[in-house]
Amino acid sequence: MTAVAEQTRTLTYAEAVREALAQAMTADERVFLLGEDVGTYGGAFGVTGDLVHRFGEERIRDTPISELGIVGAAVGAALAGMRPVVEIQFSDFTAQAMDQIVNQAAKIHFMLGGAATVPMVLRAPAGSGTGAAAQHSQSLEAWFAHVPGLKVVMPATPADAKALLLAAIADPNPVIVLEHKLLYKQSGPVPEAATPARLGEAAVRRRGTDLTIVATGVMVPRSLEAADELAADGIEASVVDPRSLKPLDGKSIVDDVTRTGRALLVQEAPKTAGFMAEIAATIGESPAFGHLRAPISRLCGLDVPIPYAPQLERAAVPQVADIVRAATDLVRRW
Amino acid sequence: MDLIGNAAAARQALVTMWTIRRFEEAVDDLFARGLMHGTMHLSIGQEAVPVGACLALSDGDYITSTHRGHGHCIAKGARLADMMAELLAKETGYCRGRGGSMHIADVATGNLGANGIVAGGVPIAAGAGLAVKMRGGREVVVSFFGDGAVNEGAWHEGVNLAAIWDLPVVFVCENNHYGMSMSVSRAFRVKQLSERAAAYGIPGVTVDGNDPQAVHDAVADAVTRARAGEGPTLIEATTYRWKGHSKSDKNLYRTREEIEQWRERDPIARFEQRVAATLGDQEIQSCRDEARDAVRAAVRAAHAAPDASADSLTEAVYAR
Ligand SMILES: Cc1ncc(C[n+]2csc(CCOP(=O)(O)OP(=O)(O)O)c2C)c(N)n1
């Protein structure tokens, strides 16, 4: 963190992403966007907005519905010296493009002994909460984090949406940016300057003494809300947002858990083999283990596809009240 | 089947088209009033395609459907109340509140599922056709998809498998001229999407998708071919969606004039003119009333049904 007071304005998360794209495109003419309906339509979630009027159809490139082709084209363009930023309309549709993401983008640098790089970014909205049901609501971060060669970030605030995307664009590797669709309309302070984040640096969003809540994506604001409720009840929670799953800032997490002695790990994705299992192992393998006053606890989405009905959808993933309950349990029982 | 001169067929086609229209108008209204959540894709203006196609099918035949699938589901014979119940997140809905609009299906009438993944149903249709062929059945599979799907890898792979194995599948492209905001003229270098059939060595035809008779004739021919073991056909039915892609569409990519021009080619109004001599004004009015009443009853029944319950949420993830 710099000590200089930065010039900030209030922007929505979607506007922050758009500002990062615009600044990156202005600064570097190799940066261009491609994806379905990113032009005149302005993006399925309105993220690209009016960029086509500012940068033209060549650089804000509408594509047919062809995810594998789009990502493959980005891989090729990146290999040949460009800096493509792909928008996949819903992160679920990365499944269509998985070969190009996993077998091509992620591995080319390694397979070629470092002789070539694939500096591309893939942005995609993730998560549930919009009633779009099982094929449009998944949290797939663990898929990508598992693949060597990919970097994965999950911005939880407007400022991070901008700073992490700028970092992703500047990075010489393929970076997957999972934006949460419920966050697009959230607003917050965003620095005007095009300052990229450092990938692999967690944010301690709140510091408490009784337990550490580690949360990603939309679970970050939910955990902060829960922490406020807990505080009213006399329980002081830290909230740590890894921001970047790969590379992961294990140290910030471990340090905080060492202080509080309790860890509640919150994710929207189903529990089994999810990313929080990785965080749990990271804590368990560290000296923080010796400071634990309670078993590491996970609060995750149920192991079900996301259902359509609003009452079912809410029940499938952690809500604020669930976080409060789990945290209270953890502190009171141990 | 003569949908125009034959009074019974004319009546069925007209009632079904009106039912689809009224059902989707009701859905549009429920969304606007905040009584329905999620997202939805309306096929208003495209009713002639599912109706013409499904009238060429028998009960045992299959379809695969899309995100814009209300019309396919209704045309294949699904119960309106159960569809509406699904969209209203009720326990009595076809998917018990788990699927919603994008996954609406009635397996009992051969609807193997709507799909939220563009072109997702195309290889599935090939597989269903393979199953029919392997067990020596006579059923046929109609796979509905939009123009946008024709550029997906899954589409090419599914069509090719059906072609090389002579599977009993009819590929029906609802070319409504846009995949979200992407017009076919920007997404294709071929003039007619049916030209793609040549690459797979199967017949391809383009028909007026706002004419249920034209759609029906093409699908009936393809079904005959398929049942005879001669393999798949690609049918492109040109049509237009009057509404936006989904509820968040600002329609910036097309002009009001273009939408108006297509509204003048309303498949239902045109069909009514053509069957006027066969049915007469009174019978036409009774078709409209029947559709309206059926949809009203469905909305009433769905509202009265119990909400889907979260208690059983983890059921049905795995089959027992
Ligand atoms: C694989 C995949 N990519 C993108 C989408 C988002 N999407 C849903 S419908 C649609 C347009 C589909 O166009 P088309 O196939 O022509 O069908 P239409 O909507 O016109 O009926 C898009 C891009 C999706 N659902 N699945």
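Quick caveat: nothing in here was measured; it's all calculated off a predicted structure. Each chain gets a letter, A, B and so on, in the order the sequences are listed, and its residues count up from 1.
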Practice task
Check the surroundings of atom CD in E57(A): do more than 12 heavy atoms from other residues, nucleotides or ligands lie under 6.0 Å from it?
Solution key: no
Practice task
Decide if atom NE2 of H303(B) counts as having more than 12 heavy atoms of other residues, nucleotides or ligands within a radius under 6.0 Å.
Solution key: yes
Practice task
Could you tell me whether the side chains of N151(B) and S66(A) share a donor-acceptor contact shorter than 3.5 Å?
Solution key: no
Which atoms of [X] are under 4.5 Å from chain B, going by heavy atoms: the side chain, the backbone, both sets, or neither?
X: T40(A); value: both
X: L302(A); value: side chain
X: E67(A); value: both
X: A316(A); value: both

Report which part of [X] has an atom under 4.5 Å of a heavy atom belonging to chain A: side chain, backbone, both, or neither.
X: H37(B); answer: both
X: M182(B); answer: both
X: N115(B); answer: both
X: R96(B); answer: backbone
X: S309(B); answer: backbone

Handout entry: Those residues that, when tested against E19(A), pass side chain to side chain donor-acceptor pair (under 3.5 Å) (two or more places apart)
Key = R9(A), K162(A)
Completion exercise
Of the listed P64(A), G42(A), P305(A), the one with the largest count of heavy-atom pairs under 4.5 Å with chain B is P64(A)
Problem - Partner chain B: residue of R314(A), E313(A), E36(A), Q89(A) with the largest heavy-atom pair count (under 4.5 Å) - result: Q89(A)
Handout entry: Heavy-atom pair count under 4.5 Å with chain A, highest-scoring of S181(B), A310(B), A187(B)
Key =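 Ranked by contacts with chain A, first place is S181(B).
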Fill in the blank from the handout: Among V150(B), I117(B), L88(B), T39(B), the residue with the most heavy-atom pairs under 4.5 Å to chain A is I117(B)
Practice task
Could you tell me whether the side chain of M180(B) reaches within less than 4.5 Å of the side chain of I65(A), counting heavy atoms only?
Solution key: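 No, side chains not in contact.
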Handout entry: Where H103(B) and A133(A) come nearest, the two heavy atoms and their spacing
Key = CD2-CB, 3.6 Å
Handout entry: Which atom of R98(B) lies closest to which atom of L312(A), heavy atoms considered
Key = NH1-CD2, 3.9 Å
Practice task
Using heavy atoms and a sub-4.5 Å threshold, report which of residues 246-259 of chain B line up against chain A, by residue number.
Solution key: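 Hits under 4.5 Å: S248(B), D249(B), L252(B), Y253(B).
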Exercise for the section: Return yes if some donor-acceptor pair links the side-chain N/O of Y308(A) with the main-chain N/O of M102(B) below 3.5 Å, else return no. Expected result: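 No, the answer is negative, given that no donor and acceptor are paired below the 3.5 Å cut-off.
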Exercise for the section: With rounding to the nearest 0.5 Å, note down the distance linking CG in L68(A) to CD in E152(B). Expected result: 8.5 Å
Exercise for the section: Just do the side chain to side chain contact (heavy atoms under 4.5 Å, CB included) check on V317(B) and D303(A) with the steps written out, would you? Expected result: CA-CA 8 Å; V317(B) 177; D303(A) 281 320; over 6 Å; no
